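Taking it in order: structure first as structure tokens, then the write-up.
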Amino acid sequence: MEYDFRQIEDKWQKYWAENKTFAAQDNSDKPKYYGLSMFPYPSGAGLHVGHPLGYIASCIYARYKKLQGYNVLHPMGYDSFGLPAEQYAIQTGQHPAITTAENIKRYRGQLDKIGFSFDWDREVRTSEPAYYKWTQWIFKQIYNSWYNQTSDKAESIDSLISIFEKSGNAEVKAVHDHETVFTAEEWQAFSEEDKQKTLMNYRLTFLADSWVNWCPALGTVLANDEIKDGVSERGGHPVEQKLMRQWSMRITAYAERLINDLETVDWSDSIKEQQRNWIGKSVGASVNFALEGNEDTIEVFTTRPDTIYGVSFMVLAPEHDLVDSITTDEFKEAIAEYKKQASLKTERDRQADVKNITGQNTGAFAIHPFTGEKIQIWIADYVLAGYGTGAVMAVPCGDQRDWDFAKHFNIEIKNIFKDTDISEAAFTEKDVVIADSDFLTDLKAKKAIKLAIYEIEQRGLGKGQTNYRLRDAVFSRQRFWGEPFPIYYKGDTPYALEDAKLPVTLPEVDAYLPTEDGEPPLARANKDAWNVSEGDRMEYNTMPGWAGSSWYFLRYMDPKNEEAFVSKEKADYWGQVDLYIGGSEHATGHLLYSRFWTKFLADMGYINFNEPFKKMINQGMILGRSNFVYRDKDSGKFVSFDKRKEFKTARLNVDINRVDNDKLDTEAFKNWLPEFANAEFILNDNGEYICGNEVEKMSKSKYNVQTPDELVEKFGADTLRCYEMFLGPLEQAKPWDTKGINGVHNFLRKLWRLFHDENNNFLVSKGEADKKSLKTLHKTIKKIKEDLDRFSFNTAVSNFMICVNELGEQNCNNRAVLKKLVILVSAYAPHIAEELWQKLGETESVSFASFPTFNPDFLIEANHKYPVSFNGKMRFLLELPANLSKDDIEKEVLANEQSQKYLDGKDPKKVIVVPGKIVNIVV
RNA sequence: GCGGAUGUGGUGGAAUUGGUAGACACGCUAGACUUAGGAUCUAGUGCCGCGAGGUGUAAGAGUUCGAGUCUCUUCAUCCGCACCA
């Protein structure tokens with residue numbers, strides 16, 4: 001075999017590991033470069049070809065940066081806490097740590113075979129106590145902080161205590177949910193327990209009774225981002241609302257900064273937009289409406305205070321606190337019935353039932369704060385209890401839902417917009433002039449909004465306000481396989497453990513299930529099963545999956561530090577992740593939470609950057625190519641794809657490993673599953689069984705999963721790496737089809753052959769290179785650099801192919817040319833590059849070489865082939881000296897006999913000459 | 001409904017600032033060579049047409065000497081959000 005990739009790849013993978021070729025330097029004069037791939041959850045299924053796609057891209061880029069002289073940090077680790085290992089543990093009784101360790105081993109084996117330039121000495125595993133000690137420590141920091149809106153950052157809870165001691169809470173501007181005002185004296189007089197309870201309402205992570213998404217099937221609560229279409233993202237189980245005492249993270253304190261700082265990062269518009277949507281900022285005013293014959297007031301939130309004169313009714317959420325007390329006797333029964341109906345609907349039903357307009361009049365009236373008119377008050381489930389104040393002022397002329405509601409229940413629709421027609425629909429644009437609205441009349445909406453807020457504040461009716469859709473993030477999970485909290489209880493009051501006691505490790509339990517009273521699995525542990533046990537009991541919940549992944553990129557900088565989660569010095573040196581590659585499915589989970597924690601850690605002065613990931617690329621999903629066989633319903637025989645129409649057939653997915661180029665290996669098929677052992681076939685006219693095919697998501701059940709292992713075995717890691725890149729742009733979803741892999745493999749063989757004679761003897765020539773070869777080389781240097789700089793990994797592979805094809809045609813085996821080519825190729829196909837580099841007489845790894853510099857002199861041509869167009873249509877090429885002037889080019893072109901043919905005796909109206917580019921003649 | 005992305009041969013895709021559309025690769029066709037190999041080489045391959053030629057980047061319009069690329073309208077597919085006041 002001429003290009004023995006197996007031997008070469010084994011050799012160099014071993015070499016890199018032994019020599020720690022890709023170890024990042026902590027102290028270096030070189031500029032730093034931090035390239036990161038999202039770390040995987042090590043599932044039992046192992047890697048399929050979709051996983052390495054992003055890793056290969058970041059590996060290539062990291063290698064490229066190293067060649068450019070950067071000190072590169074390119075680490076890898078495992079997000080190793082998670083549900084699948086725990087579900088497996090519940091079924092088998094095996095400790096999740098064992099399953100996890102096995103899966104990690106498998107992953108590592110697969111990763112090693114692809115030749116990644118990871119610095120494995122920095123590996124992190126979120127489920128290791130040495131790692132989660134610091135997750136617990138960061139939790140404590142958040143627990144011991146509050147959000148000061150005056151300084152607009154998180155501060156230590158001690159500073160809040162001293163404010164309370166001096167002046168109570170009246171002047172404090174904080175993000176909190178403490179409802180009462182107290183003085184310094186009152187604070188001093190509080191019992192220890194009351195003080196703790198009060199502080200809890202200010203802490204950035206806090207314990208509170210809150211409505212949570214409870215998933216009975218998983219036995220745990222879920223955060224909003226863990227729910228898709230009303231069911232759990234993992235497993236697709238139903239979710240219900242439940243009031244539970246839970247830890248939450250006050251991420252809402254960071255809502256504004258999380259929106260604003262999106263402008264400072266280089267991420268895709270789609271992800272930024274998803275985050276903006278998720279945070280859901282809306283600016284407006286809160287206004288209090290007095291009630292007729294009732295002391296209470298109803299507070300509403302509106303983004304259109306300019307339309308306040310258009311209010312013709314109010315709507316409360318059925319769950320609103322005041323519903324029962326304001327409802328008149330006449331409507332008591334109807335309201336109770338409506339509330340009951342609404343409560344029976346699940347969140348999902350409610351969303352699915354958008355078109356159905358329902359509601360119920362309470363019989364009560366509010367008083368319009370400006371006109372003093374009486375306004376009907378209704379309840380309807382289109383108003384959500386959880387957003388704003390759970391009440392709206394309905395302006396049917398300016399809001400489609402209000403308009404629909406008013407039409408449906410025959411409520412008056414006032415038009416307070418000048419020159420608009422609202423007979424068919426509401427007018428929802430802000431580009432409008434207000435009418436019939438007293439002091440707002442004749443103002444444009446945007447001005448009117450400002451004036452209305454001013455007036456509302458002047459009259460003490462309310463205030464300007466900004467609302468966010470973002471909710472505080474539930475941080476407790478009733479599961480075993482997660483980080484324990486560094487929290488213990490005295491009675492019902494939680495306390496944080498001292499730093500010196502960390503980590504709290506997972507205690508042994510007799511089963512990975514909730515207790516009989518519904519307590520989380522950790523409640524099964526005896527007191528002495530805990531490595532730390534204080535107070536009356538430890539916290540039984542564990543942290544969610546995103547805890548460990550919210551800061552892992554920091555730990556890579558300083559993975560062995562036992563004194564700190566990362567030293568200030570190293571955090572300052574490595575700074576932000578320069579390039580983050582991973583899937584877009586984490587848009588509102590991991591990517592939002594890690595931004596939140598980064599901002600918090602920056603507020604506390606531990607790091608000096610506010611955003612974790614400067615640039616991000618989201619790789620597209622690799623889809624599988626499924627194959628099908630067709631079973632005749634009558635005879636049970638399998639019919640070839642091209643004959644299937646002649647029969648009544650049922651389509652079945654067939655294992656793609658038993659199919660080659662859509663041709664079924666019938667023997668292999670018989671051996672596949674026992675039920676097919678005696679299969680009979682109806683072949684086509686060529687005596688072949690042809691399978692149908694379709695592009696689908698890769699999944700076990702479709703038998704279309706491609707693992708990298710078999711491809712590495714067949715073609716080698718270098719081929720796999722190049723092929724995954726060659727498939728198409730990194731960000732795009734694309735079907736995986738192994739057909740094309742031969743072409744990429746051939747390219748590497750051709751590359752090998754440039755360095756060898758017919759007998760596979762290494763043979764390169766010294767001396768001056770051919771001009772043509774130098775042109776090819778420098779053209780390639782230029783293209784590869786440009787491609788890498790714009791992350792166009794696929795076109796770079798094409799350009800390598802072109803280069804190798806051209807050098808092959810030129811019979812070029814010039815040492816100087818080939819040497820530079822090897823460096824260029826080394827980021828993509830590192831094993832073959834190392835081997836050829838060594839054969840060229842080099843003793844150090846090619847990764848320490850310098851990226852070749854492009855010299856434009858080699859590209860200069862004496863002549864240029866001008867495409868000559870007539871009326872914009874290219875007709876022929878004409879080779880002319882490159883230094884010819886515009887006028888001379890025009891003369892030469894018109895004088896050419898081919899031009900006469902297209903001119904057809906007419907005079908050209910106009911001749912456009914772009915020197916070095918094109919000629920266009922207008923006839 | 002709102003927001004984002006994408007539409008180019010039989011297939012994956014290329015064309016970076018408006019300047020030869022289809023690079024590169026797969027597949028296919030024909031042929032050569034064979035120590036029969038997922039080998040190599042030669043020629044061809046968008047569509048229509050024997051040909052000259054015509055036509056062609058989802059559809060339509062526009063700007064321009066010139067549009068896959070810019071503007072507008074429409075359509076299709078994918079993704080995200082969705083009674084958010």
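The shown structure was predicted, so the numbers you read here are calculated from the model rather than taken from an experiment. Order of the sequence lines fixes the chain letters, A, B, ..., with proteins taken first and strands second; residue numbering starts at 1 for each chain.
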- [ ] Using only heavy-atom distances, determine whether the side chains of A:T588 and A:Y593 contain a donor-acceptor pair under 3.5 Å.
- [x] no
TODO: Using the P atom as the reference point in each nucleotide, state the distance between B:rC24 and B:rC41 in Å, no decimals.
DONE: 14 Å
Task: Positions of residues 914-922 of chain A (non-hydrogen atom under 4.0 Å from RNA chain B), listed by number - done: A:V914, A:K917, A:I918, A:N920, A:V922
Task: Euclidean distance for P, B:rG1 against B:rG51 (whole angstrom) - done: 49 Å
Open item on the list: Taking 4.0 Å as the cut-off, does a side-chain nitrogen or oxygen of A:T795 come that near to OP1 or OP2 on B:rA23?
Closed with: no
Task: Per A:P729 side chain, nearest of listed nucleotides B:rG13, B:rG4, B:rU20 - done: B:rG13
TODO: Return the 5'-most residue of the pair A:G280, A:I227 with respect to RNA chain B, ranking by each residue's nearest nucleotide.
DONE: A:I227
TODO: Write down the distance separating the P atoms in B:rU55 and B:rA5, rounded off to the nearest Å.
DONE: 34 Å
- [ ] Establish, with yes or no, whether the OP1 or OP2 oxygen of B:rC65 is under 4.0 angstrom from a side-chain nitrogen or oxygen of A:K910.
- [x] yes
Open item on the list: Can you measure A:N277 atom CG to B:rC81 atom P for me and round it to whole angstrom units?
Closed with: 9 Å
TODO: Taking only the side-chain nitrogens and oxygens of A:N805, find out if one of them lies under 4.0 Å from OP1 or OP2 of B:rA25.
DONE: yes
TODO: Go ahead and name the base partner of B:rU45; Watson-Crick or wobble counts if both distances stay under 3.5 Å, otherwise write none.
DONE: B:rG27
TODO: In whole angstrom, give me the gap between the P atoms of B:rU16 and B:rC26.
DONE: 24 Å
Task: Same-atom distance (C1') from B:rU45 to B:rG9, integer angstrom - done: 10 Å
Open item on the list: If the threshold is 4.0 Å, N to carboxylate O, is there a salt bridge linking A:K783 and A:E786?
Closed with: no
- [ ] Considering just the side-chain nitrogens and oxygens of A:Q732, establish if one lies under 4.0 Å of OP1 or OP2 belonging to B:rG13.
- [x] yes
Task: Whole-angstrom distance between B:rA25 and B:rA36, as gauged at atom P - done: 26 Å
Task: Check: A:F5 ring centroid to A:H745 ring centroid under 6.0 Å - done: yes
Open item on the list: Please report the distance separating the P of B:rG68 from the corresponding atom of B:rA76, rounded so that it comes out in whole Å.
Closed with: 24 Å
Task: Pairwise P distance for B:rA43 and B:rA61, with rounding to whole Å - done: 41 Å
TODO: Establish, with yes or no, whether the OP1 or OP2 oxygen of B:rG80 is under 4.0 angstrom from a side-chain nitrogen or oxygen of A:R276.
DONE: no
- [ ] Give the nucleotide from the list B:rU16, B:rC81, B:rA85 with an atom nearest to the side chain of A:E786.
- [x] B:rU16
Task: Protein-nucleotide distance (A:D787, atom CG; B:rC24, atom P), rounded to Å - done: 15 Å
Task: Pairwise 5' ranking along RNA chain B for A:N794 and A:R401, keeping only the more 5' one - done: A:N794
